[in-house]
Number of protein chains: 2
Amino acid sequence: MFSKACEYGIRAVIYIWSQSKKGNKLGVKDICKEIDAPEYFTAKILQSLARQNIVSSTKGPNGGFYIDIAQENLRLMDLVRAIDGDKLFTGCGLGLKQCSASNPCPIHHEYKAIREGLAELLKTKTLRELADEVLSGKASLHSIVS
Amino acid sequence: MFSKACEYGIRAVIYIWSQSKKGNKLGVKDICKEIDAPEYFTAKILQSLARQNIVSSTKGPNGGFYIDIAQENLRLMDLVRAIDGDKLFTGCGLGLKQCSASNPCPIHHEYKAIREGLAELLKTKTLRELADEVLSGKASLHSIVS
DNA sequence: AAAATAAAATACTATTTTATCTTTTATTAG
DNA sequence: CTAATAAAAGATAAAATAGTATTTTATTTT
């Protein structure tokens, strides 16, 4: 469904958010250790998100990634769009170039419902909510390490 | 969502079905012309589906692909599984190796609902239904050519 | 039997995605 | 001002997906 880049990006941003709340900045290494993601690849994703002003960063000692309070209501949708674009929310399920209610593919209506359900989910969830779930221990960003 | 191979495969099988009903066998060239898909690539997909006994084929003059009546109740789900496997129906939305109700990622429950909705759609739709929609003109397998 | 046809199999190419490594630039602590 | 630190940028590599071309095999028509 989501690309690997998007999966890592979401996990990273949720973690950054949960720590920014405490005023901490995080290095890529720390982030990747926590969310179990490849370091250099995740760095690229975060750099792209920084250019898009979704996360902030500072270089040098004590530098790292953080998220501005102003982004408190950032929706999961905004993040997915920033990384994967919106092909997931626009394209035809069977790949037709033109597919609409007036010239539908055989699963147009049903697929549209699924896709809209997904969009609704992503629009509803804010990064704040997601980070809170992790902070409260209700949800996790990595597999159990035993 | 689906891979290109899967998109072409679904369109091809629906078209083959709609013609098999009339007793016609179809060559790859004809199929690809109708569904606007790359010829050699689609051929490979169909050959794989033939090995999996989802479509049938005969070589030589008047040969081609067709679908056995016994496959009348073939579900879209079976086709998607045969081409893309079931990663779409099993994996975690955020890519966690282990993600379950007891150790959930932050979108586990909501994502599960979306995924199950999709699975339900694919299990409900039979190839017969989809082909009928195309035959009756209610749905289309290619963009409008004006 | 020979020629024609069409799928099957194999090999090859291109593009995109994922991942890693190296160099550069900015910032801060000493 | 110099070291050290950490992100930014760029270059490269590996893997997966998408797409094309060629050869082989089976079947049918003449």
Side-chain angles (χ1 to χ4, degrees), chain A residues 1-13 16 19-20 24-33 35-68 80 83-85 87-88 91 94-95 97, chain B residues 1-13 16 19-20 24-33 35-68 80 83-85 87-88 91 94-95 97:
Chain A
M1 192 90 81
F2 304 127
S3 70
K4 282 285 162 196
C6 199
E7 290 176 0
Y8 300 145
I10 294 171
R11 274 149 59 193
V13 169
I16 294 170
Q19 296 300 304
S20 283
N24 296 345
K25 282 177 199 163
L26 296 168
V28 172
K29 202 172 274 183
D30 295 328
I31 296 168
C32 291
K33 206 172 175 184
I35 68 171
D36 187 29
E39 193 175 323
Y40 294 114
F41 189 50
T42 306
K44 291 268 146 152
I45 300 159
L46 288 173
Q47 280 159 28
S48 164
L49 291 176
R51 278 192 296 273
Q52 297 180 69
N53 296 313
I54 288 178
V55 301
S56 307
S57 67
T58 55
K59 293 182 179 179
N62 304 321
F65 289 94
Y66 62 98
I67 297 181
D68 200 83
V80 171
I83 302 173
D84 277 350
K87 57 180 186 295
L88 191 57
L94 299 188
K97 282 161 200 147
Chain B
M1 191 91 81
F2 304 127
S3 69
K4 282 286 161 197
C6 199
E7 290 177 357
Y8 299 144
I10 294 172
R11 273 149 59 192
V13 169
I16 295 170
Q19 297 298 305
S20 283
N24 296 345
K25 284 175 197 163
L26 296 168
V28 172
K29 202 172 275 182
D30 295 327
I31 295 168
C32 292
K33 205 172 174 185
I35 68 171
D36 186 29
E39 194 175 321
Y40 295 113
F41 190 49
T42 307
K44 277 199 188 173
I45 300 159
L46 288 173
Q47 281 159 26
S48 164
L49 291 176
R51 278 193 295 274
Q52 296 180 70
N53 296 312
I54 287 178
V55 302
S56 307
S57 66
T58 54
K59 293 183 181 179
N62 305 320
F65 290 94
Y66 62 98
I67 296 181
D68 200 84
V80 171
I83 302 174
D84 277 350
K87 57 181 186 297
L88 190 57
L94 298 189
K97 282 162 199 145

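The sequence lines fix the lettering, A, B, ..., with proteins before strands; numbering per chain opens at 1.
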With B:I67 as reference, evaluate B:I16, B:I54, B:L49 under the side chain to side chain contact (heavy atoms under 4.5 Å, CB included) test and give the passing residue.
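Going through the options one by one, the only one that passes is B:I16.
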Nearest nucleotide by nearest heavy atom, which residue falls closer to the 5' end of DNA chain D, A:G64 or A:K44?
A:G64
Return yes if some donor-acceptor pair links the side-chain N/O of [X] with the main-chain N/O of [Y] below 3.5 Å, else return no.
{"X": "A:D68", "Y": "A:S56", "result": "no"}
{"X": "B:D84", "Y": "B:S3", "result": "yes"}
{"X": "B:T42", "Y": "B:P38", "result": "yes"}

Rounded to whole angstrom units, what separation is found between the [atom1] atom of [X] and the [atom2] atom of [N]?
{"X": "B:F2", "N": "D:dT17", "atom1": "CZ", "atom2": "P", "value": "16 Å"}
{"X": "B:F41", "N": "C:dT10", "atom1": "CZ", "atom2": "P", "value": "18 Å"}
{"X": "A:Q47", "N": "C:dT23", "atom1": "CD", "atom2": "P", "value": "17 Å"}

Compare side-chain N and O positions of [X] against OP1 and OP2 of [N] and report whether any pair is under 4.0 Å apart.
{"X": "A:Y8", "N": "C:dA19", "result": "yes"}
{"X": "A:N62", "N": "D:dA6", "result": "no"}
{"X": "B:T58", "N": "C:dA7", "result": "no"}

Partner of D:dT25 by Watson-Crick or G-U wobble geometry, both contacts under 3.5 Å, or none?
C:dA6
